[in-house]
Amino acid sequence: MKKKAEWPRKLRSQEWYGGTSRDAIYHRGWLKNQGHPHDLFDGRPVIGILNTWSDLTPCNGHLRELAEKVKAGVWEAGGFPVEVPVFSASENTFRPTAMMYRNLAALAVEEAIRGQPIDGCVLMVGCDKTTPSLLMGAASCDLPSIVVTGGPMLNGYFRGERVGSGTHLWKFSEMVKAGEMTQAEFLEAEASMSRSSGTCNTMGTASTMASMAEALGMALSGNAAIPAVDSRRKVMAQLTGRRIVQMVKDDLRPSDIMTKEAFENAIRANAAIGGSTNAVIHLLAMAGRVGVDLSLDDWDRCGREVPTIVNLMPSGKYLMEEFFYAGGLPVVLKRLGEADLLHKDALTVSGETIWDEVKDVVNWNEDVILPAEKALTSSGGIVVLRGNLAPKGAVLKPSAASPHLMVHRGRAVVFEDIDDYKAKINDDSLDIDETCVMVMKNCGPKGYPGMAEVGNMGLPPKVLKKGITDMVRISDARMSGTAYGTVVLHTSPEAAVGGPLAVVKNGDMIEMDVPNRRLHLDISEEELARRLAEWQPNHELPTSGYAWLHQQHVEGADTGADLDFLKGCRGNAVGKDSH
């Protein structure tokens, strides 16, 4: 357990506000135009409430109201709260993809912390990329920080059926193509998909990353699953505001909490909840920011023997509301601890160990959080596949895949990029059947650019009309955590940099063997070498702006797709005074 720092002591905000110098008067004087009394500048903790609220980030649209509860908690604990708007990348509105802006948001957050008089941070997040980006920026500065998420929206219902945000979008869309649902019915179902404030109500990426923050120890226990409109979400926000003040006094920092053991806890929790494949890329990036050596091999090693016990869409049948009522992530962590799959001594933002936080919780619904013997998947961890098609790895989520496709050999049907896919997929003359392997290129971090969530390619209508709902699909793209299917993602090196995926041709045979972690293009080594030597890039390159910076500096999916100059940059967070 970390030794608490002495209190009182001089905090970094006093570099701006302390004393009687001209500069201190300048800094204090301007802030006083908000009506703050002089005694607020007496050395108490200044807490930055970093808020990703935006009208164009619907998942986070209620965070302004929630921030008021955080402020109340900070005031109660004797701190000085200041709300700071930060870059908000919405998964459902940003083009070409929110993932391209995760690193920009992290950089903006890092500089917002570094350049301003903040002693500790409350990271107000929700939508997919806001959670990792704020954690990445906070980790780089390493000031005391704590996460409070906006929470998932309420269950959706359509004609008596639970509707999972995202998951049913993909399902209903395929039903329309198969002739099982009319377009008018699809439009009617739209109203049921997002019926309250909050993030996706499935175990999509937003709920996954909220769970990852809690499993890492960076959020108060129980934070992840409370619905956005439940009064207990406001209570959690207020308690978080109280807690960050004490964290500053104790000098409890991200580097004390986000250790290798904490990341291993998060990886195992991700397996148990049937979490999003996006967690792989985000946790790798977060670990790089805090200086922890985490790799794809750790994902495969830690998750391999963990059963998926959370019966939620897209892997199961329930939604986040039921998960909360059953006991939420603390029950899952307790189960991991009982199975000796948890580093029990890992420290959390509460100042207690993760085991102390969860050891006495109760599972209130064993149909939602299942016993291990009734697990959805006995080995639910993210699978890392390697072979001549993915020398640096590719990932697959077994809890959302079809068991009969886990060992498969099929003929490649190739799409050069997402536009090529869209142009061909609905054409009945496309030479494809359910035994084929759909391959899409140029959708990785550099290729799209930004690595969009297009990996869960919809099946061709002529296959869907046979009653087939799944095929093997391979790409260097990502997929939404709300999606499902036997989908191989994050294939590295990506096609846009000349990885083997770039030279797959129509008619090539591809072998996938999930139990043996193998992904193989069935051509000779000599033929593969010849194709790679002849390969030329064929995707358009950005020429200006952040898109150019991103394309020049983004790393591969296998290491987290961070910008190469930002990894391992944790250091002094105090900005220099220029006045």
Side-chain angles (χ1 to χ4, degrees), residues 49 51-53 57-74 76 122-128 130-131 146-157 162-167 192-215 218-244 273 275 310-313 316-334 349-350 357-358 361-365 367-369 481-482:
I49 302 171
N51 197 343
T52 53
W53 167 86
T57 306
C59 298
N60 299 12
H62 60 302
L63 292 189
R64 292 178 83 184
E65 178 185 1
L66 208 58
E68 294 303 316
K69 302 301 290 185
V70 176
K71 288 181 182 179
V74 173
E76 287 170 347
V122 176
L123 313 178
M124 299 202 64
V125 296
C127 193
D128 298 14
T130 58
T131 305
I146 188 170
V147 169
V148 61
T149 53
M153 66 179 75
L154 298 177
N155 286 4
Y157 288 93
R162 281 186 188 83
V163 172
S165 47
T167 299
S192 69
M193 291 182 180
S194 304
R195 73 179 187 93
S196 81
S197 298
T199 60
C200 291
N201 54 19
T202 57
M203 189 52 76
T205 304
S207 293
T208 297
M209 293 313 299
S211 298
M212 294 299 92
E214 187 175 330
M218 288 298 296
L220 292 178
S221 186
N223 170 80
I226 307 171
V229 295
D230 193 300
S231 62
R232 286 164 285 191
R233 173 60 58 189
K234 294 180 180 179
V235 173
M236 177 62 71
Q238 190 156 340
L239 294 175
T240 300
R242 292 179 185 176
R243 180 58 197 160
I244 187 60
I273 65 176
V310 176
N311 189 11
L312 260 63
M313 298 180 198
K317 68 178 183 180
Y318 292 110
L319 296 170
M320 286 296 290
E321 252 192 277
E322 284 97 351
F323 184 46
F324 172 61
Y325 301 147
L329 192 72
V331 174
V332 176
L333 295 174
K334 181 181 180 181
V349 288
S350 71
E357 293 281 8
V358 305
V361 299
V362 176
N363 183 1
W364 298 109
N365 190 334
D367 196 39
V368 175
I369 305 175
T482 67

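In plain terms, the two heavy atoms of P227 and F324 that are nearest each other are CD-CD2, 3.4 Å. The two residues V125 and N60 come nearest to each other via the heavy atoms C-ND2, 4.2 Å. The two residues G328 and A225 come nearest to each other via the heavy atoms CA-CB, 4.3 Å. Residue A228 comes nearest to G198 through the heavy atom pair CB-CA, 3.6 Å, listed as atom of the first residue, atom of the second, then distance. Between A237 and K69, the shortest heavy-atom contact is CB-CB, 3.9 Å. Nearest heavy-atom pair, M320 versus L312, reported as atom, atom and distance to 0.1 Å: SD-CD2, 3.5 Å.
Atom CG in N223 sits 8.5 Å away from atom CD1 in I146 (nearest 0.5 Å). Rounded to the nearest 0.5 Å, atoms NZ (K71) and CG (L66) are 12.0 Å apart. With rounding to the nearest 0.5 angstrom, the CG atom of D128 is 10.5 Å from the OG1 atom of T57.
Considering only residues two or more places apart in sequence or on other chains, E65 meets the side-chain hydrogen bond (donor to acceptor under 3.5 Å, both in side chains) condition with K234. Listed by chain and number, the residues in a side-chain hydrogen bond (donor to acceptor under 3.5 Å, both in side chains) with S197 amount to none (sequence neighbours excluded). In this view, R243 satisfies the side-chain hydrogen bond (donor to acceptor under 3.5 Å, both in side chains) rule with no residue, not counting sequence neighbours. Under the side-chain hydrogen bond (donor to acceptor under 3.5 Å, both in side chains) criterion, N51 pairs with E83, not counting sequence neighbours. Residues satisfying the salt bridge (Lys or Arg N to Asp or Glu O under 4.0 Å) test with R232, not counting sequence neighbours, are D230.
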Exercise for review: Would you sort out whether L239 and L220 count as a side-chain contact (heavy atoms from CB on, under 4.5 Å), showing the intermediate values?
Suggested key: CA-CA 9 Å; L239 294 175; L220 292 178; 4.1 Å; yes

Exercise for review: Kindly indicate, with the supporting measurements, whether the criterion side-chain contact (heavy atoms from CB on, under 4.5 Å) is fulfilled by T52 and C127.
Suggested key: CA-CA 9 Å; T52 53; C127 193; over 6 Å; no

Exercise for review: Run the numbers on T149 and R233 for side-chain contact (heavy atoms from CB on, under 4.5 Å), then give the verdict.
Suggested key: CA-CA 9 Å; T149 53; R233 173 60 58 189; 3.4 Å; yes

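Between the side chain of E357 and the backbone N or O of S221 there is no donor-acceptor pair closer than 3.5 Å. In terms of modelled atom types and a separation under 3.5 Å, the side chain of T482 and the main chain of G204 share no donor-acceptor contact. A donor-acceptor pair under 3.5 Å is formed between the side chain of H62 and the backbone N or O of G150. Within the 3.5 Å criterion, the main-chain N or O of L154 finds a donor-acceptor partner in the side chain of N201. Checking side-chain atoms of S211 against main-chain N and O of S207 turns up a donor-acceptor pair under 3.5 Å. Checked by atom type and distance alone, the side chain of T240 never pairs as donor or acceptor with a backbone atom of V148 at under 3.5 Å. For the pair S196 (side chain) and M153 (backbone), a donor-acceptor distance under 3.5 Å is absent.
Using modelled atom types, one finds no donor on one side chain facing an acceptor on the other under 3.5 Å when comparing N311 with E322.
At a threshold of 4.5 Å between non-hydrogen side-chain atoms, the residues N365 and Y325 do not count as touching. You'll find the side chain of W364 stays beyond 4.5 Å of the side chain of V331, heavy atoms only. Looking at M203 and T208, their side chains come closer than 4.5 Å, going by heavy atoms from C-beta outward. Using a 4.5 Å heavy-atom threshold, the side chains of M313 and Y318 count as separate.
For the side-chain contact (heavy atoms from CB on, under 4.5 Å) test with L319, the passing option among T202, V163, T167 is T202; the others fail.
The stretch residues 146-157 participates, sequence neighbours left out, in no salt bridge (charged side-chain N to carboxylate O under 4.0 Å, His left out) pair at all.
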